[in-house]
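Presented below is the structure to which this report refers.
Just the heavy atoms: all of them, side chains too, but no hydrogens, waters or symmetry mates, feed the values below.
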Amino acid sequence: LDSDGDGCSDVIEAGFSDANNDDLLGDNTVQVDAFGLVTNASDGYTIPNVNYLISAPIVITTEPEDTSVCESSDIMISVVAADVNYYQWEVSIDGLNWNSVSDDVNYSGSTTSVLTIVNTTLLFNNYLYRVYLNRDGNSCGLYSQEITLTVDLLPIAEIAPTMQLCDDDNN
């Protein structure tokens, strides 16, 4: 089912369908004849996708890292991996549920290797971020590690107390 041990089903790496995610050819339960020939999925007996040459796993060379930023500042979070042409950044507020990030007033680069968070507010404190990476061809893709964004309060400038200067009479 995964002959090269890369965590990606051989069916997917060959470019065939597996909508029911059972790692077996076709979208339904596999039926075989007495010789082991799959009888209910004809696409397995065609030539595999020509992109099989790039079916090695995606390797992240630089993972995103936990990041701190002052409120109202911009911050960039990045990932580095070779041969990737699909990125989708995700955010989690509770650590359980993940939502795709879209470019808007707060975010840019949501489908690139570098996510920029613009004018970061305190609301984003402790949000978690990760990115899903994939490429054209026969790949299962993978997620980066999760990182935590810490948003620090801007320091409040205090006016120095006024000082009374001594005059010569009141030393």
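Checked by atom type and distance alone, the side chain of Asp23 never pairs as donor or acceptor with a backbone atom of Leu1 at under 3.5 Å. Checking side-chain atoms of Thr67 against main-chain N and O of Glu65 turns up a donor-acceptor pair under 3.5 Å.
Linking ILVMFWY residues whenever their side-chain heavy atoms come closer than 4.5 Å, directly or via other members, places Tyr129 and Val69 in the same cluster. Leu128 and Leu96 fall into different hydrophobic clusters, where Ile, Leu, Val, Met, Phe, Trp and Tyr are joined by side-chain heavy atoms under 4.5 Å apart, directly or via other members. Residues Val131 and Trp98 do not share a hydrophobic cluster, defined by chaining ILVMFWY side chains whose heavy atoms lie under 4.5 Å apart. Under the 4.5 Å side-chain heavy-atom criterion for ILVMFWY residues, a single connected hydrophobic cluster contains both Leu153 and Ile117.
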Next item on the list: Apply side-chain contact (heavy atoms from CB on, under 4.5 Å) to the pair Ile58 and Val84, showing each step before the final yes or no.
Entry: CA-CA 8 Å; Ile58 296 170; Val84 174; 3.7 Å; yes
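Here the options are Pro64, Ser100, Ser102, the test is side-chain contact (heavy atoms from CB on, under 4.5 Å), and the partner is Trp89; only Pro64 passes.
Rounded to the nearest 0.5 Å, atoms CD (Gln88) and OH (Tyr132) are 11.0 Å apart. Distance check: Asp152 CG to Leu122 CG gives 9.0 Å after rounding to the nearest 0.5 Å. The line from CG of Asp83 to CG of Asn134 is 12.0 Å long, rounded to the nearest 0.5 Å. Of the inter-residue distances, the one linking Glu90 atom CD with Arg130 atom CZ reads 4.5 Å to the nearest 0.5 angstrom.
Considering only heavy atoms from C-beta on, Ile75 stays 4.5 Å or farther from Thr116 through its side chain. In this structure, the side chains of Ser113 and Ser78 stay at 4.5 Å or more apart for every pair of heavy atoms. The shortest distance between side-chain heavy atoms of Thr148 and Asn126 falls below 4.5 Å. Taking the side chain as every heavy atom from C-beta outward, Val79 and Tyr87 approach each other to under 4.5 Å. By the 4.5 Å heavy-atom criterion applied to side chains, Leu149 and Thr120 are counted as neighbours. At least one side-chain heavy atom of Ile147 sits less than 4.5 Å from a side-chain heavy atom of Ile77. Counting heavy atoms from C-beta outward, Tyr86 and Leu133 have side chains that stay 4.5 Å or more apart. Val101 places a side-chain heavy atom less than 4.5 Å from the side chain of Leu115.
For the residue pair Leu154 and Glu71, the shortest heavy atom distance occurs at N-OE2, 3.0 Å. A pairwise comparison of heavy atoms in Ser144 and Ile60 identifies CA-CD1, 3.6 Å as the closest pair. A pairwise comparison of heavy atoms in Val59 and Ala81 identifies O-CB, 3.4 Å as the closest pair.
A donor-acceptor contact closer than 3.5 angstrom links the side chains of Ser110 and Asp103.
In this structure, Gln145 places its CD atom where more than 12 heavy-atom neighbours from other residues, nucleotides or ligands lie under 6.0 Å away.
Scored by the ring pair (Phe, Tyr, Trp, His ring centres under 6.0 Å) test, Phe124 finds Tyr107, Tyr127 as partners (sequence neighbours excluded).
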